[in-house]
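Take a look at the structure set out below.
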2 protein chains.
Amino acid sequence: MTTRPGIEATGPLIEAIAAAGERVTLPRRAVARLVAARDGHFTAAQLIDDAGAAGEPIGRATIFRALDLFATLGLVERLDLPDGNHAFVACEPVHHHHAICTRCGRSTDIADGALSDVLTAIGRQAGFRVTAHRLEVFGLCADCGVAGS
Amino acid sequence: MTTRPGIEATGPLIEAIAAAGERVTLPRRAVARLVAARDGHFTAAQLIDDAGAAGEPIGRATIFRALDLFATLGLVERLDLPDGNHAFVACEPVHHHHAICTRCGRSTDIADGALSDVLTAIGRQAGFRVTAHRLEVFGLCADCGVAGS
DNA sequence: GTAGATGCAAAACCTTTGCATTTTG
DNA sequence: CAAAATGCAAAGGTTTTGCATCTAC
């Protein structure tokens, strides 16, 4: 390999950052890696812990800023847990929602499917022009639903 | 009027509190009044301001506690704005959702309608047993949609 | 080389909590 | 009268901010 960087630890997140014309910095790479390593949703605090555990010397502020950037770019979504805490989930840049398992905490992507249409119809009835919606589904995932007593 | 209280400033909220066997205190009445006076959604901070403006000598803690009680009783719902802030809306104790106008901030109740079914179906596809869902719809209400340029 | 990102630590924020006092039922 | 709610103020945790320094482009 030549001295040209960018070919090394490149992932979808990093590519998206570069594509958006944002600077690809070491800390951002690290955060992207940590996010990618996460399975379900995670709080900022958890990511900060992860960073510490992974030996990444990243400041809390930087993590918040990176998460904020990712959210702006649509690479992660901010969501709110039933207990009132904020969390994030990595996500594909296509519109969809998350089904969060109340047992194991993992989140499964669910397609928007017929939802948009249903919403538009419901909105129309109420004289409402729907421009955006946010859905959070809670329940038991396949594993927990079966395993659960 | 006799000395029998309860007939005075009684509202739906107060009645529900009494019906639930919770104590009907002056501060709770005040908070109920403030909530009823609100049209759309409101944050705890706003209610606290309202209280101050209305000359109600209620402590912040009490407002948070009252709001919490109301939420537990299903008289108000906690919701999360796109900007990550928490808010509340007064609501009927039947399952439904809120359509929040991004222009005037008012919220319109929308029936759950076919949503539950759609969700159950979607969830089934993903092997997910849906036990709860939370939907927040954003857009323009009838007034703003028409008036809007 | 320059605009932008980082780190640190302090500040700001919102929400909860403890305890003596007051109120409700 | 006893149990529960209130108020105050301080604690708690989370997120943001300022500024000097460093890095990516």
Side-chain angles (χ1 to χ4, degrees), chain A residues 3-10 14-15 17-32 34 41-52 55-73 76 78-88, chain B residues 3-10 14-15 17-32 34 41-52 55-73 76 78-88:
Chain A
T3 53
R4 182 103 193 294
I7 304 178
E8 33 181 76
T10 304
I14 298 299
E15 282 176 17
I17 293 171
E22 296 289 340
R23 292 195 177 180
V24 179
T25 65
L26 256 11
R28 285 178 181 173
R29 278 173 195 272
V31 176
L34 294 173
H41 62 256
F42 53 86
T43 63
Q46 285 179 308
L47 253 218
I48 292 172
D49 285 347
D50 286 3
E56 306 278 14
I58 319 172
R60 310 144 236 316
T62 301
I63 292 184
F64 275 101
R65 286 189 276 231
L67 247 16
D68 195 50
L69 172 68
F70 293 3
T72 300
L73 298 180
V76 302
R78 270 185 108 120
L79 49 80
D80 302 280
L81 273 17
D83 64 10
N85 280 116
H86 295 159
F88 298 84
Chain B
T3 52
R4 182 101 193 295
I7 304 177
E8 35 182 73
T10 304
I14 297 299
E15 283 177 16
I17 294 170
E22 295 289 340
R23 291 194 178 182
V24 178
T25 65
L26 257 11
R28 284 179 181 173
R29 278 173 195 273
V31 176
L34 294 173
H41 61 258
F42 53 85
T43 63
Q46 285 178 308
L47 252 218
I48 292 172
D49 285 347
D50 287 2
E56 306 277 14
I58 319 172
R60 311 143 237 314
T62 301
I63 291 183
F64 275 101
R65 286 189 276 231
L67 247 17
D68 195 50
L69 173 67
F70 293 2
T72 300
L73 298 180
V76 302
R78 272 184 107 118
L79 50 81
D80 302 280
L81 275 14
D83 64 9
N85 281 116
H86 294 159
F88 298 84

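Small disclaimer: the values here were computed from a predicted structure and weren't measured. Below, chains carry the letters A, B, ... as their sequence lines are ordered, and counting in each starts from 1.
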Does A:T43 put a side-chain nitrogen or oxygen below 4.0 Å from OP1 or OP2 of D:dT14?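 Looking at the OP1 and OP2 atoms of D:dT14, neither is under 4.0 Å from any side-chain N or O of A:T43.
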Distance check: side-chain N/O of A:T25 vs OP1/OP2 of D:dA24, anything under 4.0 Å?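 For D:dA24, OP1/OP2 do not have a side-chain N/O of A:T25 under 4.0 Å.
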Contact summary for B:H41 and B:Q46, nearest pair of heavy atoms: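 Heavy-atom minimum between the residues: O-OE1, 4.1 Å.
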Rounded off to whole Å, could you give me the [atom1]-to-[atom2] distance for the [X] and [N] pair?
{"X": "A:D49", "N": "D:dG13", "atom1": "CG", "atom2": "C1'", "result": "13 Å"}
{"X": "B:R60", "N": "C:dT17", "atom1": "CZ", "atom2": "C1'", "result": "15 Å"}
{"X": "B:D68", "N": "C:dT17", "atom1": "CG", "atom2": "P", "result": "9 Å"}
{"X": "B:R23", "N": "D:dT6", "atom1": "CZ", "atom2": "P", "result": "10 Å"}
{"X": "B:I63", "N": "D:dG7", "atom1": "CD1", "atom2": "P", "result": "9 Å"}
{"X": "A:F64", "N": "C:dA9", "atom1": "CZ", "atom2": "P", "result": "16 Å"}
{"X": "A:H86", "N": "C:dT15", "atom1": "NE2", "atom2": "P", "result": "9 Å"}
{"X": "B:I48", "N": "D:dG7", "atom1": "CD1", "atom2": "P", "result": "12 Å"}

Both B:A61 and B:V24 contact DNA chain C. Taking the nearest nucleotide for each, which residue is further toward the 5' end?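 In this pair, the answer is B:A61.
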Would you say the side chain of B:R65 and the base of D:dG7 hold a donor-acceptor pair, judged only by whether the two atoms sit under 3.5 Å apart?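 Per atom types, the contact qualifies.
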So, B:R78 side chain and B:A71 main chain: donor-acceptor pair closer than 3.5 Å or not?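 The answer is no, because no donor-acceptor pair under 3.5 Å joins these two groups.
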Please report the interatomic distance OG1(B:T43) to CG(B:L79), rounded to the nearest 0.5 Å.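 Going from OG1 on B:T43 over to CG on B:L79, the span is 11.0 Å.
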Taking any heavy-atom pair under 4.0 Å as a contact, classify B:A44: base, sugar-phosphate, or nothing.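 Touches sugar-phosphate only.
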Is A:R28 touching bases, backbone alone, or none of the nucleic acid, heavy atoms closer than 4.0 Å?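 Sugar-phosphate only.
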Going through the distances and angles, do A:H86 and B:H86 end up as a side-chain contact (heavy atoms from CB on, under 4.5 Å)? CA-CA 10 Å; A:H86 295 159; B:H86 294 159; 3.5 Å; yes
Could you check whether the rings of B:F42 and B:F88 sit parallel, tilted or perpendicular, using 30° and 60° as the cut-offs?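 Parallel.
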